[in-house]
Amino acid sequence: MIVCVAVVGHQNNPLYIQSFTEADDALKLHHIVHCSLDVVDERVNNPKRSGPMLNETFLGLLYPIENYKVYGYLTNTKVKFILVTTDLDVKDADNLVLFGTIIKVGVTGNRKGGSGLLTRNGDEGKCKEGGP
């Protein structure tokens with residue numbers, strides 16, 4: 001089950017964060033997403049040590065934590081998509097399809113008048129919470 005989806009800008013500023021759990025877990029999930037940015041930066045800056053090559057956009061499993069697994073996707077414009085799930089046996093191919101769908105919804109919504117995931121309230125530093 002997906003418990004959190006986040007879109008983070010190229011300067012690690014949150015563009016969109018949505019948790020699909022109780023309000024008590026929302027802050028914890030925001031913290032998990034924030035911590036995953038360090039793993040993404042490490043993988044991008046040290047590709048030999050951590051696996052994926054620089055031209056790969058799907059980063060795969062970033063790290064498991066408690067009852068969650070955190071997956072990442074990096075676009076060519078350095079926008080990061082973070083997915084937090086409770087499923088412990090998800091295949092990378094399934095996550096790649098999920099990321100593709102999330103990106104498609106976000107981009108399509110922006111082209112159709114700003115109702116997609118990547119819509120920002122105000123300037124670059126503010127985050128939109130909630131769904132379209």
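No experiment lies behind these values; they were computed from the predicted model shown. The figures here come from the full heavy-atom set of this structure, side chains too, leaving out hydrogens, waters and symmetry mates. The residues of the chain are indexed from 1 along the displayed sequence.
In plain terms, the two heavy atoms of Cys4 and Ile17 that are nearest each other are SG-CG2, 4.2 Å. Residues Leu62 and Ile82 approach most closely at CD1-CD1, 4.0 Å, considering heavy atoms.
A search for side chain to side chain contact (heavy atoms under 4.5 Å, CB included) contacts involving Asp41 returns Asn12, Asn45, Lys80, not counting sequence neighbours. Residues forming a side chain to side chain contact (heavy atoms under 4.5 Å, CB included) with Tyr63 (at least two apart in sequence, or on another chain): Ile32, Cys35, Ser36, Val39, Ile65, Val70. Thr75 is linked by a side chain to side chain donor-acceptor pair (under 3.5 Å) to Thr77, counting only residues two or more places apart in sequence or in another chain.
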Q.
As a quick check of understanding, evaluate side-chain contact (heavy atoms from CB on, under 4.5 Å) for Tyr71 and Leu61, giving each step before the final call.
A. CA-CA 4 Å; Tyr71 295 89; Leu61 178 66; 3.9 Å; yes
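Contact of the Phe81 side chain with the Val7 side chain is registered, since non-hydrogen atoms from C-beta on lie closer than 4.5 Å. Counting only heavy atoms from C-beta outward, the side chains of Asn67 and Thr86 never approach each other to under 4.5 Å.
A distance-only check finds a donor-acceptor pair linking the side chain of Thr85 to the backbone of Met1 [under 3.5 Å].
From Leu59, atom CG reaches atom CD of Glu42 across 11.5 Å, with rounding to the nearest 0.5 Å. Going from atom OH of Tyr68 over to atom CG of Asp25 covers 4.5 Å, rounded to the nearest 0.5 Å.
Aromatic ring orientation, Tyr73 versus Phe58: tilted (interplanar angle from 30° to 60°).
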